[in-house]
2 protein chains.
Amino acid sequence: MKTISLQEISTALKVSKSTISYVLNGRGDEKRISINTQQMIEEYAKAHNYKPNPLARSLIVGKSNMIGFVLPNIADFFFARITRSIEKKAMQSGYEVVFSSTGEDKEREEKSIQSMLDRNVDGLIIASSQKNEKDILRLTQNKFPMVLIDRKYPDISTNFVGLNNIGGITMLVEHLINMGRKKIGFVSLNMDLLTLNERLNSYEETMKRNGCEVKKGFIQQLEYNHTDNDMERIIKIMLSKSIGVEGLIFSTQFLAADGIRALNKMNIKVPTDMAVVSYGHKNDFDLFKVPLTAIDFPVEEIGEKAVDILLENMKDINMKKEEFYFNTELIVRESCGSH
Amino acid sequence: MKTISLQEISTALKVSKSTISYVLNGRGDEKRISINTQQMIEEYAKAHNYKPNPLARSLIVGKSNMIGFVLPNIADFFFARITRSIEKKAMQSGYEVVFSSTGEDKEREEKSIQSMLDRNVDGLIIASSQKNEKDILRLTQNKFPMVLIDRKYPDISTNFVGLNNIGGITMLVEHLINMGRKKIGFVSLNMDLLTLNERLNSYEETMKRNGCEVKKGFIQQLEYNHTDNDMERIIKIMLSKSIGVEGLIFSTQFLAADGIRALNKMNIKVPTDMAVVSYGHKNDFDLFKVPLTAIDFPVEEIGEKAVDILLENMKDINMKKEEFYFNTELIVRESCGSH
DNA sequence: TTGAAAGCGCTACCAA
DNA sequence: TTGGTAGCGCTTTCAA
């Protein structure tokens with residue numbers, strides 16, 4: 001299990017540790033170590049499969065070759081895909097990734113960040129709970145290399161990679177209107193996330209701009225941990241005579257799937273009785289009873305871009321903050337009627 | 001960014017580092033440090049939010065409070081869910097998790113394992129590529145705490161948590177037979193994984209046991225990175241007159257979704273023209289055009305059980321190897337006809 | 001009841 | 001061109 005240490009190869013080769021360290025760190029020429037010793041050392045190291053102890057090294061140089069990724073939940077497919085792309089991209093530059101799920105909890109997010117800092121990560125990618133202004137501010141002020149993804153703090157200027165929510169929702173609303181629906185409901189989560197708020201605001205604005213009234217009851221917000229019953233309840237409300245919604249926008253792909261499940265159970269015909277669209281895409285939307293029209297967006301790309309910016313930031317502590325928004329794409333299927 | 005160090009609190013309090021270390025590690029009474037100094041130290045530490053540097057500590061004690069999880073791909077929903085459950089369970093015992101995706105690649109798996117070992121992880125959970133016998137053997141021989149999940153080496157005795165594949169496939173075959181289908185095809189991946197082989201063998205045995213012939217062409221294996229066309233091609237083959245399959249078992253949930261996609265495209269009616277079942281479940285199978293009958297299994301539980309066994313193993317290096325198989329559950333929907 | 005000092009494995013400075 | 005040595009922040013042995 002143990003790997004050979006600098007000390008051991010030093011005594012074996014009768015060469016000082018420092019010399020070996022220089023050579024193995026590619027500073028042999030710079031330090032003008034003779035070509036012979038260099039070769040000897042390198043051969044021995046390779047032959048004995050020497051790997052420097054990253055802990056010892058990290059302790060002294062203050063770096064770790066690790067990037068930390070703090071996210072709400074690794075079991076969320078959206079974040080799992082981002083994680084993979086971060087990992088891939090980071091690996092290409094010789095970095096490893098440590099991650100930690102926070103469950104949208106402030107304390108756990110604080111702990112995760114601190115723990116990664118303690119482990120000397122060289123940079124941080126954070127999909128924050130948006131309840132942890134303190135740490136984000138602290139990191140920013142200390143010029144610690146960091147990029148936020150998906151979740152942003154409006155009052156703090158940071159690197160950020162996210163989605164063009166406004167464009168996406170606009171497409172959705174206008175698609176529904178084009179399909180002849182004017183009374184459009186909006187189902188979201190009651191979490192205070194900027195990304196969700198942007199979607200809601202964009203819905204309201206686009207409705208107004210198109211001369212569609214947003215009646216009381218058109219907007220419904222569910223708990224993050226809602227049940228099937230909760231979903232049925234709010235759909236029932238929106239279908240009631242006084243409200244009479246004819247089209248439904250779900251603000252996340254998970255809500256959309258839950259919504260379809262409820263509609264099926266309540267025997268409400270899509271798209272005849274109710275047109276449905278989803279902000280966010282799932283792999284099997286095309287296989288649904290009524291294939292679902294949805295906004296898709298680049299997921300892997302978010303992670304890749306975040307790593308790009310982070311690496312830049314690691315090179316240049318004082319770099320200008322960069323914000324990047326990916327555009328979304330409307331995938332039209334059959335859930336709003338024939339097209 | 002920097003946190004206070006032992007040295008700093010030592011000079012501030014005029015107490016030696018060792019004393020402080022003892023107290024802060026809960027060995028104050030054992031070392032018979034006076035209650036006064038103990039209190040003083042603890043208060044000061046709390047007030048200044050002292051956190052021992054995990055790197056320095058790890059370097060000396062050879063432990064890290066981290067569990068390593070090596071897996072094929074974090075973007076695979078199955079593994080993402082397991083990762084989350086491992087993380088949750090580990091956290092309850094004060095451990096953090098580092099993970100690494102290997103992409104089913106032997107070299108990358110070796111590297112990941114070595115890197116985790118170098119970082120002094122206290123134990124390893126591995127969903128191996130099954131191409132890395134060498135490391136698994138080495139770890140076993142060195143009595144390094146480890147548990148394998150999902151992927152197993154038949155020739156090496158290790159801790160293991162997996163699925164009762166045989167039971168699951170048996171249910172699937174017999175369900176199809178009960179629904180009146182005798183000519184049943186089996187679609188799998190051409191990867192040499194024990195878990196996949198078990199499913200294939202179980203299919204053949206159950207067919208035989210029930211007096212159903214497994215004709216040439218009944219068994220089809222696709223590349224891991226197959227295209228939609230590949231899937232259509234093999235379905236076409238199985239549907240050809242000479243073979244004439246009436247029911248299809250897909251050996252993973254991903255294959256099943258791809259298969260349904262192909263059947264839809266080819267305009268083959270499920271279940272009339274073709275009954276379909278999936279070994280493995282996806283969240284939205286119930287929302288499909290024809291809700292899909294599938295084998296479901298506990299996913300989170302695999303991770304939890306793995307952590308349980310690993311913690312045991314970390315406590316007792318010489319513990320008897322434990323193998324655990326979770327039973328699967330048949331969820332009957334409509335893809336094999338009315339029930 | 002407490003402290004001094006060694007040492008984990010490495011890097012980096014200063015000497016030689 | 002190379003080596004000695006200090007020190008990263010901590011734990012642990014031995015001495016006081």
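Chain identifiers are assigned alphabetically (A, B, ...) following the order of the sequence lines, protein sequences preceding nucleic acid strands; residue numbering begins at 1 within each chain. These numbers come from a predicted model, not from an experiment. Atom set for the values below is all heavy atoms of this structure, side chains included, hydrogens, waters and symmetry mates excluded.
To the nearest angstrom, P of dG9(D) lies 14 Å from CD1 of Ile9(B). The interatomic distance linking Gln7(B) (CD) with dA6(C) (P) rounds to 15 Å, in whole Å. The nearest whole Å value for the distance from the CD atom in Gln38(B) to the P atom in dT1(C) is 10 Å. In this structure, CG of Leu55(A) is placed 12 Å from C1' of dC10(D), rounded to the nearest angstrom. Whole-Å rounding puts the Ile20(B) CD1 to dG9(D) C1' distance at 12 Å. Distance CD (Gln39(B)) to P (dT2(C)): 12 Å, rounded to an integer number of Å. Rounded to a whole Å, the CD1 atom of Ile41(A) is 14 Å from the P atom of dC10(C). One atom, CG of Asn53(B), and another, C1' of dC8(C), lie 13 Å apart when rounded to the nearest Å.
Mapping Lys14(A) and Pro54(B) onto DNA chain D via the closest heavy atom, the residue that lands nearer the 5' end is Lys14(A).
Phosphate contact (OP1/OP2 of dT2(C), side-chain N/O of Thr37(B), threshold under 4.0 Å): present.
Judged by distance alone, the side chain of Asn159(A) and the main-chain N or O of Met146(A) form a donor-acceptor pair under 3.5 Å.
Atom NZ of Lys321(A) is surrounded by more than 12 heavy atoms from other residues, nucleotides or ligands within 6.0 Å.
Contact annotation for Lys63(A): no contact, since no heavy-atom pair falls under 4.0 Å across all strands.
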Salt bridge (charged side-chain N to carboxylate O under 4.0 Å, His left out) for Lys106(B) and Glu109(B)? Distances and angles first, verdict last. CA-CA 5 Å; Lys106(B) 180 168 176 283; Glu109(B) 181 169 320; over 6 Å; no

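Defined by atom type and a distance below 3.5 Å, a donor-acceptor pair is missing between the side-chain atoms of Ser100(A) and Glu96(B).
Of the options Arg108(A), Glu110(A), Glu104(A), Glu107(A), a side chain to side chain contact (heavy atoms under 4.5 Å, CB included) to Ser129(A) is made by Glu104(A) and by none of the others. Exactly one residue among Phe324(A), Tyr325(A), Tyr153(A) makes a ring-ring contact (aromatic ring centres under 6.0 Å, His included) with Phe160(A). That residue is Tyr325(A).
The salt bridge (Lys or Arg N to Asp or Glu O under 4.0 Å) analysis of residues 15-35 of chain B, with sequence neighbours excluded, yields the pairs Arg27(B)-Glu30(B).
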Which letters describe nucleotides 11-16 of chain C, given B = protein heavy atom under 4.0 Å from base, S = only from sugar-phosphate, - = neither? BBB---

